Amino acid sequence: MNKLEYYMNLPYNKIIQEINDESGHYFYGRILELDGCQSTGDTLEELNANLTEAMEGHIEVLLENEMEIPEPVKEENFSGKFVIRVPKSLHRRLVVEAEREGVSLNQYAMYKLSR
């Protein structure tokens, strides 16, 4: 297996968005680990084909220029915890909103982040 095949078979993370804007309805996708590797398509199938083609070209350029190619980010690399500092006023507002909803601040923050 050559290097291109090796990288193309790795489980890279695709981020896909459905877009509805002034130019119409389409899908936009990018490869999380490969900065600048992105594409669009009118359907999900077309997007996946275009993204695979973009990924192949992106990796070929990195290989030709002997540049480092990032490996996929694995789920076990994440603990599920991070610390964030916020202004006191935002902290207060979040606590009040969480109490109003009858949930912990942690649950409320997770809800807000997931939206």
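Nothing here was measured: the structure is a model prediction, and the numbers come from that model. The chain is numbered in sequence order, starting from 1. For the numbers below, each heavy atom of this structure counts, side chains included, while hydrogens, waters and symmetry mates do not.
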**Message:** Holding to ring pair (Phe, Tyr, Trp, His ring centres under 6.0 Å), I want the full list of residues that pass it with Tyr7, two or more places apart in sequence or in another chain.
**Reply:** none
**Asked** When you check the side-chain N and O atoms of Asn106 and Ser104, is any donor under 3.5 Å from an acceptor?
**Response** no
**Asked** Where the side chain of Gln38 meets the backbone of Tyr28, is there a donor-acceptor pair that is under 3.5 Å apart?
**Response** no
**Item:** Met8: partners by side chain to side chain contact (heavy atoms under 4.5 Å, CB included), with sequence neighbours left out
**Value:** Leu4, Thr52, Met55, Glu56, Ile59
**Prompt:** Do Tyr26 and Asn20 pass the side chain to side chain donor-acceptor pair (under 3.5 Å) test, and can you show the C-alpha distance, the side-chain angles, and the key distance before you say yes or no?
**Reply:** CA-CA 7 Å; Tyr26 59 97; Asn20 287 300; over 6 Å; no
**Asked** Quick one: does Asn65's side chain have a donor or acceptor within less than 3.5 Å of a partner on Met67's backbone?
**Response** no
**Message:** Does any part of the side chain of His91, heavy atoms only, come nearer than 4.5 Å to the side chain of Leu105, both counted from C-beta?
**Reply:** yes
**Message:** Using 30° and 60° as the class boundaries, would you call the ring planes of His25 and Phe27 parallel, tilted or perpendicular?
**Reply:** perpendicular
**Complete:** Taking every heavy atom of Pro72 against every heavy atom of Pro11, the minimum-distance pair comes out as CB-O, 3.4 Å
**Prompt:** How long is the span from the NZ atom in Lys112 to the CG atom in Leu94, to the nearest 0.5 Å?
**Reply:** 7.5 Å
**Fill in**
CD1 of Ile69 to CD of Glu33, rounded to nearest 0.5 Å, is 12.5 Å
**Asked** Tyr108 and Ile84: same hydrophobic cluster, using ILVMFWY side-chain contacts below 4.5 Å?
**Response** yes
**Request:** Evaluate whether atom CG of Asp35 has more than 12 neighbouring non-hydrogen atoms of other residues, nucleotides or ligands under 6.0 angstrom away.
**Result:** no
**Prompt:** Is the closest side-chain heavy-atom distance between Asn48 and Lys14 below 4.5 Å?
**Reply:** yes
**Message:** Same cluster or not: Leu44 versus Ile19, using hydrophobic residues (I, L, V, M, F, W, Y) connected whenever any side-chain heavy atoms lie under 4.5 Å apart?
**Reply:** no
**Cluster overlap Val86 with Met110, hydrophobic side-chain contacts below 4.5 Å** = no
**Message:** In this structure, would Val95 and Leu90 fall into the same cluster of hydrophobic residues linked by side-chain contacts under 4.5 Å?
**Reply:** yes
**Asked** Do Leu63 and Ile31 share a hydrophobic cluster (ILVMFWY, side-chain heavy atoms under 4.5 Å, transitive)?
**Response** yes
**Prompt:** Does a sphere of radius 6.0 Å around CD in Glu71 hold more than 12 heavy atoms from other residues, nucleotides or ligands, not counting ones at 6.0 Å or beyond?
**Reply:** yes
**Asked** To the nearest 0.5 Å, how far apart are CD in Glu97 and OH in Tyr111?
**Response** 10.0 Å
**Request:** Could you tell me whether a side-chain N or O of Asn13 sits under 3.5 Å from a main-chain N or O of Leu32, the two making a donor and an acceptor?
**Result:** no
**Message:** Quick check: closest heavy atoms across Asn9 and Glu5, and the distance to 0.1 Å?
**Reply:** ND2-O, 2.9 Å
**Request:** Could you go through the side chain to side chain contact (heavy atoms under 4.5 Å, CB included) check for Arg30 and Gln17 one step at a time?
**Result:** CA-CA 9 Å; Arg30 67 184 179 93; Gln17 292 177 281; over 6 Å; no
**Message:** Counting C-beta onward and ignoring hydrogens, is there a side-chain heavy-atom pair between Leu34 and Tyr12 closer than 4.5 Å?
**Reply:** yes
**Distance (rounded to the nearest 0.5 Å) between Ser39 OG and Ile16 CD1** = 10.5 Å
**side chain to side chain contact (heavy atoms under 4.5 Å, CB included) partners for Glu66, two or more places apart** = none
